[in-house]
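Have a look at the structure below, then the notes.
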Amino acid sequence: MQLADPNVNIPIILPELIVAVAGVVVMLFDCFFPRRRGITGAMSLIGLAIAAVVLGMMWSTDSGVPAAAWGGMIVHDSLRLSFSFVFLLVSALTVLISTIWVDQEDVPAGEYHALLLFATFGMMLMASGNDLVVIFLGLETLSIATYVMAGLRKSDLRSNESSMKYFILGSLASAFLLYGMALTYGATGSTNLTEIAARVGDPNFPALLLAGAAMMIVGFGFKIAAAPFHVWTPDVYEGAPSPITGFMATGPKAAAFASLVRVFILGFPIAAGAQAAGYLQESWITAVAIMAILTMTVGNVAAIMQDNVKRMLAYSSISHAGYALVGFLGAGMAASAEARDVAVAAVAFYLLTYAVTNLGAFAIITLLGQRNDRRTEFEDFNGIGFKSPLLSFSLSLFMLSLLGLPLTAGFIGKVLVFRPALEAGNTLLTIVVVAAVINTAISAYYYLRLIVVMFFKERTTDWPVPRLTPAFSAVLIITVLAVFYLGIFGNGVIDKFSQPATSTASR
Amino acid sequence: MDLINQNLLTLLILLPVIGAFALVGHQMFWKKEEHLKWVTLFITLAIFLLSLLLLTGSSTASSAGFFFEQNVPWIQAINTNYHVGVDGLSLWLVILTTFIMPIAVLSTWHAVEKRPLAFYVFLLLLQSAMVGVFVSLDLLVFYLFFEASLVPMFFLIGIWGGANRIYAAVKFFIFTAFGSLLMLAAIISLYYLHMQATGVGSFDFVTILNSLQTGALSFAPQTGMLLFLAFALAFSIKVPLFPFHTWLPDAHTEAPTAGSVILAAVLLKMGTYGLMRFNFPLFPDASRELAWIFIILAIIGIIYGALVAMVQPDIKRLVAYSSVAHMGFVILGMFSFTEWGMQGALYQMLNHGISTGALFLLVGFIYERRHTREIGQFGGLAIVMPVYATFFVITAMSSIGLPFLNGFVGEFLIMVGMWKSTVLGITTTVNWNYVATMLAGTGVIFAAVYLLWMIQRVFFGRVTNEKNRALTDLSYREIGLMIPLLFLMVFMGVYPKPFLDRSRESVVAIQERVVRQAGGTIEQAQVPTR
């Protein structure tokens with residue numbers, strides 16, 4: 001047996017390396033100088049910022065970074081770049097949002113920041129990995145860090161429950177995913193997605209591959225919280241500390257989408273003339289289409305009935321996974337490589353808009369929820385509208401953006417993901433889009449409800465106006481501006497996301 | 001001057017937003033709440049004067065009959081452009097919007113004590129969205145403004161509304177949002193149909209229209225019908241056409257006076273405007289084939305609205321239901337597809353804006369004094385408040401359609417248009433167009449009944465309720481803000497020519513586009529230019 005040239009290339013994994021090293025440094029620093037919350041937070045932010053700068057430099061076409069390295073295990077394309085950018089942004093915002101929580105509840109900040117950085121490292125690996133094994137490694141790094149973060153509020157029963165549930169169900173999902181990967185390997189003889197893509201065209205199509213694909217859909221479906229694999233979401237989201245919930249609803253979800261796209265869109269392409277691959281594609285498209293309709297509907301209908309804002313946002317995050325799946329389906333049915341890349345960029349853009357909007361909302365909920373997230377029922381928001389206009393109007397803006405109202409980021413995101421699905425001209429996908437549109441109308445009810453309680457109801461109990469810290473103000477400014485910027489001048493970002501760094505088509 | 005002319009429409013959209021920021025800034029630095037209304041009044045008046053510049057426009061300089069056109073790329077990834085322009089159809093609606101705003105602001109002088117800053121900010125944002133709706137020529141941008149207009153109104157009703165305001169605000173939002181979301185799906189589908197047919201996707205109304213006219217793009221009958229319905233549903237809810245009208249009485253009754261005035265005068269017009277601007281030219285075949293549905297619903301709306309208005313104990317609710325009837329007339333005229341009917345419909349949109357807006361103002365005046373709107377609480381007001389009574393009666397007459405007042409011109413044109421129409425079937429025994437006209441005609445009689453009966457109960461006879469004896473007549477401010485409206489009622493009733501002349505060309509172009517294809521000769525003409 002001859003070993004292949006490993007093709008070691010450090011620059012291609014530089015952003016990941018920086019984040020991982022920053023995590024280690026934070027952890028070591030915390031060992032020697034415990035309880036320096038501000039410093040570990042600042043260190044994480046600096047690490048993330050450097051990674052972002054390096055990532056930005058890699059974006060230019062003449063960065064000299066190869067399209068693939070490490071024996072084809074790591075790839076460098078627009079999918080990886082745009083998603084990594086989303087992850088870095090999510091983590092940086094989470095660090096800033098957490099400052100309130102970390103201060104209020106005396107959280108072991110060093111561990112927390114290190115875990116967050118490791119989770120980010122895992123997410124980035126999920127987007128850049130071109131090998132089932134690397135993707136799984138990234139996913140596990142992410143998941144284990146997140147299990148711990150969900151339970152960081154050690155003395156709180158709900159937080160423990162959240163962590164435990166997430167761990168048990170998450171492990172099950174990982175097992176499914178791993179089994180699916182193993183079956184795929186068995187069917188195609190490789191874990192490398194480029195090689196799998198070349199082999200699914202083989203007319204001797206083993207049914208094993210179909211089973212593998214199905215298992216992987218279950219595994220990823222759990223991570224993106226798509227129905228019927230969503231039942232863990234509300235409990236976990238409600239129990240976890242608010243900043244972590246915000247992170248879980250945006251980061252890991254986006255990461256799972258990155259891998260989903262990587263495996264299903266790029267790994268199982270429609271091989272021209274191959275009956276077998278066409279059959280595979282048809283089956284997963286149908287399955288995912290049904291999942292998407294189910295996800296949107298279940299998420300929205302359940303969200304209407306919630307009395308807790310965090311639970312409402314948990315269900316809303318389920319339905320948003322459904323909307324993103326609409327764009328994913330559009331990418332799956334794209335007629336050409338260009339159309340596919342545009343659709344993939346649309347999904348990335350959608351997740352970016354969802355991330356900034358949702359993190360903004362969770363930031364405010366963290367602040368208003370106070371210690372231990374006590375005040376997260378709808379009633380707790382009664383009549384605070386004009387007591388704290390800045391927070392309430394920002395929260396209203398985020399709700400309207402989640403609803404997808406024009407001039408906000410959410411609107412452009414929705415138009416972008418619905419577009420490729422309609423372009424496919426496929427009856428099933430058209431039905432999915434109509435379902436998405438009807439669901440958007442349903443969602444108006446519960447997003448408006450928060451605005452209604454804040455502005456239209458009267459406050460009956462005393463309500464101290466929360467103090468704004470500099471870090472929190474920064475989050476608020478960034479997210480509000482981002483919602484408007486992406487909604488009105490989003491053009492530049494969309495271009496950037498869909499412009500191939502090194503052509504994906506040539507791989 | 002050139003700079004203003006080139007950017008006039010953008011200015012009209014942006015100035016209210018800038019004004020809103022100015023208000024916030026003013027409040028932050030000076031903290032004088034009593035200045036806010038003056039600043040807002042000044043801003044809206046300035047915008048109104050600026051909007052009069054639109055009357056100097058002519059279409060010679062640009063394409064497709066639109067003037068003051070601007071076309072700047074917005075989101076290139078989906079080929080959508082910030083494309084605005086006015087023509088005869090939208091010109092008067094834009095001016096109506098800018099005209100009604102200062103009046104609405106004046107009406108709030110003493111009425112808004114709770115959070116005036118937020119109130120005026122929302123009012124200005126609403127104005128910006130409304131102007132945007134009437135001038136945008138890119139479907140996505142149109143949708144954007146159409147939806148954006150919901151949010152300020154939602155807050156206006158929800159915060160400053162009556163007792164049942166939350167229900168009304170949410171109902172208003174969800175009804176309208178639901179319709180417009182289906183329209184969004186239709187808009188995106190249009191983009192793809194255009195892409196399939198010509199290779200380039202487009203949201204641009206003028207581009208799509210051109211492709212349709214040159215035959216580069218055509219819809220299968222089924223597709224055209226579905227797209228037409230998706231657009232029409234959004235607009236029918238907004239109009240509101242029976243049976244989608246149920247949000248209207250709630251919203252009107254609960255909204256603060258200024259909100260009701262704007263809702264009646266401008267927001268409802270977005271629906272009828274949208275039908276005429278987008279549905280007819282884009283889907284002429286479907287428009288013709290489905291016209292009977294809209295005519296029947298319009299007639300039901302006219303009669304039903306009038307009958308329900310008759311039994312309302314609340315004056316504001318009565319006026320709200322009269323809106324349903326009046327907007328039914330507008331729909332009827334539009335779907336007659338005759339020049340008379342369509343011109344009449346457009347004219348009636350303006351009339352309804354002025355007279356119903358005025359009625360809501362008048363209801364607001366009495367509500368501010370007595371804090372009730374129940375007809376039973378009043379009686380003999382003409383003795384206590386003679387000026388008020390006079391204004392009310394003139395406005396009601398205009399709403400009923402008394403000759404020499406504006407309502408007459410619009411309704412007359414609509415009836416003649418429907419009578420001459422051939423859109424409904426003509427058999428040897430029955431001309432259904434005649435039947436439709438006659439049924440609608442009964443609506444005019446009903447309108448006289450419910451309004452006159454209400455006037456009789458409120459104004460005439462002796463003062464029955466002691467509380468009414470001490471009421472003061474209208475103040476100079478109130479008289480001042482009614483005068484322009486009353487003047488327009490008379491002027492538009494006596495001399496409609498300048499209004500109709502300016503809209504004629506655009507309306508005829510739409511009418512011909514719908515009717516021409518009916519004869520089977522699809523003329524490969526460009527969009528008619530002047």
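Protein chains get the first letters and strands the later ones, always in sequence-line order, with residue 1 at the start of each. These numbers come from a predicted model, not from an experiment.
Contact annotation: the side chain of A:Leu422 never approaches that of B:Tyr191 to less than 4.5 Å [non-hydrogen atoms, C-beta and beyond]. Annotation: side chain of B:Phe178 is not in contact with side chain of A:Ile442 (no heavy-atom distance under 4.5 Å). You'll find the side chain of B:Tyr192 reaches within 4.5 Å of the side chain of A:Arg419, heavy atoms only. Contact of the B:Leu184 side chain with the A:Lys414 side chain is not registered, since no non-hydrogen atoms from C-beta on lie closer than 4.5 Å.
Put simply, of B:Ile174, B:Leu150, B:Ile188, B:Ile166, the one with the most heavy-atom pairs under 4.5 Å next to chain A is B:Ile166. For the options A:Phe411, A:Phe393, A:Phe418, heavy-atom pairs under 4.5 Å to chain B are most numerous at A:Phe411. Contacts with chain B were tallied for A:Val434, A:Val342, A:Thr430, A:Val452; A:Val452 has the most, counting heavy-atom pairs under 4.5 Å.
Contact of B:Ala177 with chain A is not made at all, since no heavy-atom distance falls under 4.5 Å. Interface remark: A:Val437 contributes backbone and side-chain atoms alike to the contact with chain B (heavy atom separation under 4.5 Å). Neither the backbone nor the side chain of B:Phe145 comes within contact range of chain A, judged by heavy atoms closer than 4.5 Å. Contact annotation for A:Tyr445: both backbone and side-chain heavy atoms come within less than 4.5 Å of a heavy atom of chain B.
The closest donor-acceptor contact from the side chain of B:Trp74 to the backbone of A:Phe489 lies at 3.5 Å or more, if one exists at all. Remark: side-chain polar atoms of B:Arg165 are paired, donor with acceptor, to backbone N or O of A:Phe456 under 3.5 angstrom.
Residues of residues 402-409 of chain A that come within less than 4.5 angstrom of chain B, heavy atom to heavy atom, are A:Leu403, A:Leu405, A:Pro406, A:Leu407 in numerical order.
Evaluation of the salt bridge (charged side-chain N to carboxylate O under 4.0 Å, His left out) rule for B:Lys37 yields no partner, not counting sequence neighbours.
B:Phe155 and A:Phe455 have perpendicular rings, their planes meeting at more than 60° on a 0 to 90° scale where under 30° would count as parallel.
The distance from atom CG of B:Leu181 to atom CD1 of A:Ile438, rounded to the nearest 0.5 Å, is 10.0 Å.
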